[in-house]
Amino acid sequence: MADPRSSLDEQIAIYQREHRDLDPQVERVVNALSRLDRRMSVAYGRQLAALGLSSAEWEVLKELVMVGSPYQLWPGTIARHLGLTPAAMTHRIDRMVAAGLVTRERDTENRVRVIVGLTDEGREKWLEVMREASAFEEELLQDFTVKERTQLGDMLIRLLDRVSVQLDRGVPSGQLRSKHGQLAEVDTPHPHP
């Protein structure tokens with residue numbers, strides 16, 4: 001397998017050749033994050049598939065676990081959280097009910113509504129996924145000290161906060177505010193492999 005650093009550095013060198021104003025440090029961070037995200041997504045997808053789950057099913061299980069016991073939500077609430085249409089949510093829940101991961105019953109407080117609940121099998125499947133993911137993540141970060149993990153986590157949270165603030169402000173695509181409040185152009189979508 002090729003050294004990811006050399007291919008990343010080669011890509012940045014090409015970018016700089018074509019766009020001289022490019023900050024190579026920024027590009028290295030952003031490109032590395034993008035590549036890491038894609039590779040981790042592939043790894044998580046493989047883990048889910050090996051455990052007999054789709055990422056769509058995993059998202060529903062996660063939503064139900066996040067609300068805590070008794071692990072129940074209205075389908076519309078789950079759909080809103082996941083950005084799905086009611087029809088897409090119904091189809092997803094149908095598959096999960098058939099697989100024994102969730103239940104769908106009439107809401108006792110409002111007989112017009114249904115409520116989705118996590119089954120024991122669904123909770124066990126969620127725990128199984130979490131165990132696998134935790135092992136993968138521990139292995140991924142094995143070369144970092146506790147202090148480095150904390151620092152990396154803090155820096156990534158700062159990046160997430162920055163992007164969230166900019167998106168909440170409705171900044172037009174391709175523009176982010178610099179730390180001095182000036183608009184700065186960015187390449188959108190970012191040219192990552």
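We number each residue from 1, following the sequence as shown.
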Not counting sequence neighbours, which residues clear side-chain contact (heavy atoms from CB on, under 4.5 Å) with [X]? List them please.
X	value
Val26	Asp23, Val30
Leu140	Met40
Val67	Leu73
Thr145	Lys147, Glu148

At what distance, to the nearest 0.5 angstrom, does [atom1] of [X] lie from [atom2] of [Y]?
X	Y	atom1	atom2	answer
Gln142	Arg149	CD	CZ	8.5 Å
Thr103	Tyr71	OG1	OH	13.5 Å
Ser41	Arg46	OG	CZ	11.5 Å
Glu27	Leu22	CD	CG	4.0 Å
Leu156	Gln151	CG	CD	12.0 Å
Thr150	Met155	OG1	CE	10.5 Å

Is the closest side-chain heavy-atom distance between [X] and [Y] below 4.5 Å?
X	Y	result
Asp154	Arg158	no
Arg123	Leu61	no
Gln47	Val129	no

For [X], enumerate each residue passing the salt bridge (charged side-chain N to carboxylate O under 4.0 Å, His left out) test, keeping only those at least two apart in sequence or located in another chain.
X	value
Arg113	none
Glu59	Lys62
Glu121	none
Asp37	none

Under-4.0 Å salt bridge between Arg131 and Glu124
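A salt bridge links Arg131 with Glu124.
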
Might you point out which heavy atoms bring [X] and [Y] nearest each other, and give the distance in Å?
X	Y	value
Arg104	Asp94	NH2-OD1, 2.6 Å
Leu64	Leu118	CD1-N, 4.1 Å
Ile93	Pro75	CD1-CB, 3.8 Å
Trp74	Val114	CD1-O, 3.2 Å
Ser7	Arg35	OG-NH1, 3.0 Å

Full working for side-chain contact (heavy atoms from CB on, under 4.5 Å) between Glu57 and Leu48
CA-CA 9 Å; Glu57 292 165 335; Leu48 288 172; over 6 Å; no

Decide yes or no on side-chain contact (heavy atoms from CB on, under 4.5 Å) for Arg169 and Gln166, but give the supporting numbers first.
CA-CA 5 Å; Arg169 287 183 184 160; Gln166 295 298 333; 3.6 Å; yes

Please identify each residue that fulfils ring pair (Phe, Tyr, Trp, His ring centres under 6.0 Å) with Tyr44, with sequence neighbours left out.
Phe136

List, by chain and then residue number, the residues other than Leu160 in its hydrophobic cluster (Ile/Leu/Val/Met/Phe/Trp/Tyr, side-chain heavy atoms under 4.5 Å); write none if there are no others.
Ile157

With a 4.5 Å cut-off on side-chain heavy-atom distances among I, L, V, M, F, W and Y, is there a chain of contacts connecting [X] to [Y]?
X	Y	value
Leu152	Leu159	yes
Val97	Ile115	no
Val29	Tyr15	no
Leu127	Leu101	yes

Per the ring-ring contact (aromatic ring centres under 6.0 Å, His included) rule, what does the pair list look like for residues 92-116, sequence neighbours excluded?
none

Let me check something: any side-chain donor-acceptor pairs from residues 78-92 under 3.5 Å, sequence neighbours excluded? List them with distances.
from: Arg80; atom 1: NH1; to: Gly76; atom 2: O; distance (Å): 3.4
from: Arg80; atom 1: NH2; to: Thr77; atom 2: OG1; distance (Å): 3.4
from: His81; atom 1: ND1; to: Glu63; atom 2: OE1; distance (Å): 2.7
from: Thr85; atom 1: OG1; to: Ala88; atom 2: N; distance (Å): 3.1
from: Thr90; atom 1: OG1; to: Pro86; atom 2: O; distance (Å): 3.0
from: His91; atom 1: NE2; to: Arg95; atom 2: NH1; distance (Å): 3.1
from: Arg92; atom 1: NH1; to: Ala56; atom 2: O; distance (Å): 3.4

Do the side chain of Arg106 and the main chain of Val112 share a donor and acceptor less than 3.5 angstrom apart?
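Yes: the side chain of Arg106 pairs with the backbone of Val112.
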
Answer yes or no: is there a donor N or O on one side and an acceptor on the other, between the side chain of Lys125 and the main chain of Leu51, under 3.5 Å?
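Yes: the side chain of Lys125 pairs with the backbone of Leu51.
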
